[in-house]
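Throughout, a chain's letter reflects where its sequence line sits, starting with A, and its residues are numbered from 1.
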Protein chains: 2
Amino acid sequence: MTINISTEDKIIDAAKKVFLQQGYSGARMQDIADAAGINKALLHYYFRNKDKLFELIFLQCTQKMIPTINSVFDSDEDIFNKIRQFVSTYIEMLSANPYLPMFIANELSKNPEKVIKMIMTKEGDRPHFNKFIKDIQSAIEQNIIEPIQTVSLFINIMSLCIFPYIAKPMMQFFLKLDELEYRMILEQRKQEVADFIINSIKK
Amino acid sequence: MTINISTEDKIIDAAKKVFLQQGYSGARMQDIADAAGINKALLHYYFRNKDKLFELIFLQCTQKMIPTINSVFDSDEDIFNKIRQFVSTYIEMLSANPYLPMFIANELSKNPEKVIKMIMTKEGDRPHFNKFIKDIQSAIEQNIIEPIQTVSLFINIMSLCIFPYIAKPMMQFFLKLDELEYRMILEQRKQEVADFIINSIKK
DNA sequence: GTCTATATATGGATAGAC
DNA sequence: GTCTATCCATATATAGAC
């Protein structure tokens, strides 16, 4: 049986799909209407214009993952477990939303001011990166891990998690990997990346 | 004194700037004409259409860096020095072309078939990644570095080098870093990243 | 709320004068 | 080679019937 989905939800789902894959400037209102199984006029009836619709989708996407991440940051595991947990939950979430990293990075790089204003205006959860960075700092002071620039380590962790999604076609092309092979590699990375990081920083 | 730059070169320079920052779908022929100090009609006189102009720029950009990279891959340094050299020359080149990673990753992700066809059709140098991967493999067999999936290590190295450029606005936003601070971090990474990698894999 | 038809704006491309 | 003017396709947005 088919559940009755409201037109608004159909539009949101469709818009999410199109915007995430095509980005703002590549997305066509017609494509969104088609994907939602309605016509353009109805799109404008529900969401006045492309900008408004985009803003909704963008904020919804960026907010969605924050609570899960924060629950990791806020836990009182030791630094190694925290890194392990962060890497595996983050990669897990990205595998469920593979277009998200490219989408966000791209919009942010095309139009930094507009996007940042959008985020700042709408209040909501923020990722507790500071908490994470403080934990790293404190682990260094307690002599648990090698001294390293915390900011630099943070960038490394994010790089190792996110880049394989942003550069998927590039990596597939370079390494001649098909869809399945690449997905298996991403799956393995949930452990490998944490090992790689911890190997590097542990005393 | 001002050197006399041919109109064609002015167009190419302008197109490079606009395409790299805006991507294919975000770039406007008008913007390119403006940046070149000419009008649209003249653009079309030199390069029949947007696609042709884009193809030229894209191929020129992707080819430019290959010889330098290959000279590192082809050298007969040991694996640690090779990693150090690759990381530092690669980051050096990216700092000189900070928009390039986002540009390539984005076009590839928006239109993989088209882009790959473009690359395959035009013959030219290819990066010798295989050589690098074989070197890693052989270092593992000789017991010089920890056993690790070579493909995985390769992805890690690329991630650590490239991601900070793709995600520059995101990282700046998260970490509240201004232009100068971020550029300093990138500069430091020429050493730090190699240390980070080698720390992780050395016996 | 949903549609068809249409207005309006934008951007790529061409014609033709100089 | 370079320009102005214009065309035409595409894309966003609105009007108005049902």
Visitor: To the nearest angstrom, how far is A/D34 atom CG from D/dT12 atom P?
Guide: 12 Å
Visitor: Counting only heavy atoms from other residues, nucleotides and ligands, does the tally under 6.0 Å from CZ of B/R48 exceed 12?
Guide: no
Visitor: Go through residues 36-46 of chain A and report each residue with a non-hydrogen atom lying under 4.0 Å from DNA chain D, sorted by number.
Guide: A/K40, A/A41, A/H44
Visitor: Apply side chain to side chain contact (heavy atoms under 4.5 Å, CB included) to A/L175 and A/Y182, showing your working.
Guide: CA-CA 10 Å; A/L175 299 169; A/Y182 202 75; 5.7 Å; no
Visitor: Within residues 17-33 of chain B, find the residues that approach DNA chain D with a heavy atom at under 4.0 Å, and present them sorted by residue number.
Guide: none
Visitor: Looking at the rings of B/F19 and B/F103, which for Trp means the six-membered one, are their centres under 6.0 Å apart?
Guide: no
Visitor: What is the distance from CZ of A/F47 to C1' of C/dG1, rounded to the nearest Å?
Guide: 14 Å
Visitor: Between B/I140 and B/T150, is a side chain to side chain contact (heavy atoms under 4.5 Å, CB included) present by the stated rule, with each step listed?
Guide: CA-CA 9 Å; B/I140 293 173; B/T150 52; 4.0 Å; yes
Visitor: Indicate, with yes or no, if the rings of A/Y90 and A/F86 have centres closer together than 6.0 Å.
Guide: yes
Visitor: Does A/D178 have more than 12 heavy atoms from other residues, nucleotides or ligands lying within 6.0 Å of its CG?
Guide: yes
Visitor: Kindly check if the number of other-residue, nucleotide or ligand heavy atoms within 6.0 Å of CD (B/E113) is above 12?
Guide: yes
Visitor: What is the separation between atom NZ on B/K50 and atom P on C/dT14, rounded to the nearest whole Å?
Guide: 15 Å
Visitor: Expressed in angstrom and rounded to an integer, what is the separation of B/K10 atom NZ from D/dG1 atom P?
Guide: 13 Å
Visitor: Charged N to carboxylate O below 4.0 Å: is that the case for A/R84 and A/D195?
Guide: yes
